[in-house]
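Just below is one structure, and these are the notes that go with it.
The model shown is predicted, which means the values in this text are computed figures rather than measured ones. Protein chains get the first letters and strands the later ones, always in sequence-line order, with residue 1 at the start of each.
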Amino acid sequence: MTAPLAPAFYDRPVVDVARELVGCHVRHEGVSGRIVETEAYHFTEPACHAYAGVTPRTRVLHGAPGRAYVYLSYGIHSLLNAVCEADGVGAAVLIRALEPLEGLEQMAARRGRDRPRELCNGPGKLTQALGIGLGLNGSALDGPLAILPPDGPPPRLAVGERIGITKAVELPWRFCDAGSNCVSAPRLPLPTA
DNA sequence: TAAACGATGCCCT
DNA sequence: GGGCATCGTTTAC
């Protein structure tokens, strides 16, 4: 059984963590997937919730690294982030897509869909598939909800601009495994070998 | 009290 | 495959 990533892993520049999280696994109560898409957010740029300073909602985001920051989007979807950098900084990696690994049936039941590709190919979809809700906001990422080190071959990393935001769109802080078909749209081209 | 902020799903071509 | 309609919370005024 593999040990989850320790809090120290997250206590580093958020862009580095975002890049290295591609290929890692997210597991919640026996249901898991391989991370194929992430985005970095830092309090110094306006697309980050921490940009506005500490508010009731972003308290966890400004807290200790290695914990889950879960927030509601569109009033419906829970989005999963991993808090990074030192305690008090305000930075996180948004997990945008997974490739299903364990508990496919559970995922399909929660999602109301069967095709594996549609189970976790979006930030709101993967939280629904894994059963991650706002109740997990602030919880450590080495407990019932955990992120585990990568196994198998390294991903074909593609870098691009973040999506779904209106500010600081030019920052190349989106990382994908270009070899996966579970990445949320728009797909990124393979890196030029 | 009011405006801003997003991801998904369905209907269409 | 692509475009359009949808909701609730948070923060600012």
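Among residue pairs with one or both ends in residues 38-49 of chain A, those qualifying as salt bridge (Lys or Arg N to Asp or Glu O under 4.0 Å) are A/E39-A/R96, A/E45-A/R162; sequence neighbours excluded.
Side-chain atoms of A/T38 come within 3.5 Å of backbone atoms of A/A18 as a donor-acceptor pair (strictly under, hydrogens ignored). Judged by distance alone, the side chain of A/E29 and the main-chain N or O of A/P144 form no donor-acceptor pair under 3.5 Å. In terms of modelled atom types and a separation under 3.5 Å, the side chain of A/T58 and the main chain of A/G53 share a donor-acceptor contact.
Rounded to whole Å, the distance from OH on A/Y71 to C1' on B/dC5 is 10 Å. In this structure, A/E118 atom CD and C/dG1 atom P are separated by 11 Å, rounded to whole Å. For the pair A/I165 CD1 and B/dC5 C1', the computed distance is 12 Å after rounding to whole Å. If you take CD1 of A/I132 and P of B/dA7, they are 16 Å apart, rounded to a whole angstrom. In this structure, A/I163 atom CD1 and C/dG2 atom P are separated by 14 Å, rounded to whole Å. The distance from atom CZ of A/R162 to atom C1' of B/dA7 is 17 Å, rounded to the nearest whole Å. Distance, A/H77 NE2 to B/dC5 C1': 13 Å, rounded to whole Å.
Here CD1 of A/I95 is found 11.5 Å from OG1 of A/T127. Values are rounded to the nearest 0.5 Å.
A salt bridge is absent between A/R111 and A/E118; no separation between the charged side-chain nitrogens and carboxylate oxygens falls under 4.0 Å.
The hydrophobic cluster containing A/L94 does not contain A/V14, counting ILVMFWY residues as joined when their side-chain heavy atoms lie under 4.5 angstrom apart, directly or transitively.
Note that A/R67 lies outside the cation-pi zone of A/Y69, set by a 6.0 Å cut-off to the ring centre and a 45° limit from the axis.
Counting heavy-atom neighbours within 6.0 Å of A/E105 CD, excluding the residue itself, gives a total of 12 or less.
The phosphate of B/dC5 has OP1 or OP2 within less than 4.0 Å of a side-chain N or O from A/K167.
Across residues 103-114 of chain A, A/R111, A/R113 each have a non-hydrogen atom less than 4.0 Å from an atom of DNA chain B (numbered order).
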Report summary line: Scoring nucleotides 6-13 of chain C by protein non-hydrogen atoms under 4.0 Å (B base, S sugar-phosphate only, - none) yields BBBSSS--

